[in-house]
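Report on one structure; see the data block that follows.
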Amino acid sequence: MKKRRLLTLTTLSAALLTGCGIRSTEVPTDFGPAPSRVHCSLSEPNISTQAERGLPVQVFLLCGSQLVAVDRTVRVPDGTADSARRVLVAQGLLDELEATPSATEKEAGYTTDVRGAMGVTGPRPADPDETLRLSTPPDDLTSYALAQIVCTFSDSSAAEGDGSVILGGPTRETPRRYECTNEVRTRPGSNEPPSTEVADG
């Protein structure tokens, strides 16, 4: 009787242990591809249609903690003098940076850290000719916002085209020359645009 009971318990225990085991052939290990939503990717714009709306430009928005260029347009009246044209382009770029990204851009993960209705003016009498003065001091901007503005301006006709831009604030402080580097574009949150003080014009 004891032998039969022991045999029964042994058989039951073996069955339970087998039932608790995980058979690798019955557990799916392939959960399929990642979600199809593609971040930081937009369809190609219609350049000819954009040109009809104004001057084709690019602004740098934030996406995936990096700066990514997107296409925009700004309006500049024909025949505008170079000095006034530089300021008009800069103001148009600033307005585009402050604007809320489109629904498509939001879906792709684009954001902006440039806030408020900032204005931009030309140089003061003692400034270099290509100076742009913001209504908000550059030092008061977040590293993201400053990186967006510097890289957007320096890559446009608002600057000299050498990858840098001279920025100042609304007061008499000496403007500084800011550079848009690869480090700034890839890690704007931890790398502020490097800058140097410029001599009086």
SB check Arg72 Glu105 (cutoff 4.0 Å) |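 Salt bridge between Arg72 and Glu105, a charged N being under 4.0 Å from a carboxylate O: yes.
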Report task. For the pair Arg124 and Glu173, find out whether any cationic side-chain nitrogen is under 4.0 Å from an anionic carboxylate oxygen. Result ->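 Not counted as a salt bridge, because no side-chain N and carboxylate O are separated by less than 4.0 Å.
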For the pair [X] (side chain) and [Y] (backbone), establish whether a donor and an acceptor sit closer than 3.5 Å, ignoring hydrogens and angles.
X	Y	answer
Asp155	Cys151	no
Glu96	Leu93	no
Thr112	Leu97	yes

To the nearest 0.5 Å, what is the distance between [atom1] on [X] and [atom2] on [Y]?
X	Y	atom1	atom2	value
Ser102	Leu61	OG	CG	9.0 Å
Phe60	Ser154	CZ	OG	7.0 Å
Thr174	Arg172	OG1	CZ	11.0 Å
Leu146	Thr136	CG	OG1	11.5 Å
Tyr144	Gln66	OH	CD	10.5 Å
Leu167	Arg176	CG	CZ	11.0 Å

Using the rule that Ile, Leu, Val, Met, Phe, Trp and Tyr join whenever any side-chain heavy atoms are under 4.5 Å apart, tell me whether [X] and [Y] fall into a single cluster.
X	Y	result
Leu141	Val59	yes
Val184	Val150	no
Ile149	Val87	yes
Val114	Leu67	no

Exercise. State, without any angle test, whether Gln58 and Thr152 hold a side-chain donor-acceptor pair at a distance under 3.5 Å.
Key: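 The criterion, which ignores hydrogens and geometry beyond distance, is not satisfied for Thr152 and Gln58.
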task: Classify the side-chain pair Glu179/Thr181 by whether it contains a donor and acceptor separated by less than 3.5 Å.
output: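 No - no donor-acceptor pair under 3.5 Å links their side chains.
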Residues forming a side-chain hydrogen bond (donor to acceptor under 3.5 Å, both in side chains) with Arg133, sequence neighbours excluded:
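Counting only residues at least two positions away or on another chain, Arg133 forms a side-chain hydrogen bond (donor to acceptor under 3.5 Å, both in side chains) with Asp127.
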Are Phe153 and Leu132 packed together at the side-chain level, in the sense that at least one heavy-atom pair is separated by less than 4.5 angstrom?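 SC-SC contact between Phe153 and Leu132 confirmed.
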- Going by heavy atoms in the side chains, are Thr142 and Arg115 under 4.5 Å from each other?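 SC-SC contact between Thr142 and Arg115 ruled out.
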Contact summary for [X] and [Y], nearest pair of heavy atoms:
X	Y	result
Ser143	Gly189	OG-O, 3.3 Å
Cys180	Arg185	SG-NH1, 3.3 Å
Val198	Pro128	CG2-CG, 3.9 Å

Applying side chain to side chain contact (heavy atoms under 4.5 Å, CB included), can you list everything that pairs with Gln91, at least two apart in sequence or on another chain?
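Testing Gln91 for side chain to side chain contact (heavy atoms under 4.5 Å, CB included), a comparison that skips the adjacent residues, returns Leu94, Asp95, Val120.
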_Run the side-chain hydrogen bond (donor to acceptor under 3.5 Å, both in side chains) test on Ser164 and Arg177 for me, step by step, so that the C-alpha distance in whole Å, both residues' side-chain angles and the decisive distance to 0.1 Å come before the verdict._
CA-CA 7 Å; Ser164 69; Arg177 181 181 295 277; 3.0 Å; yes
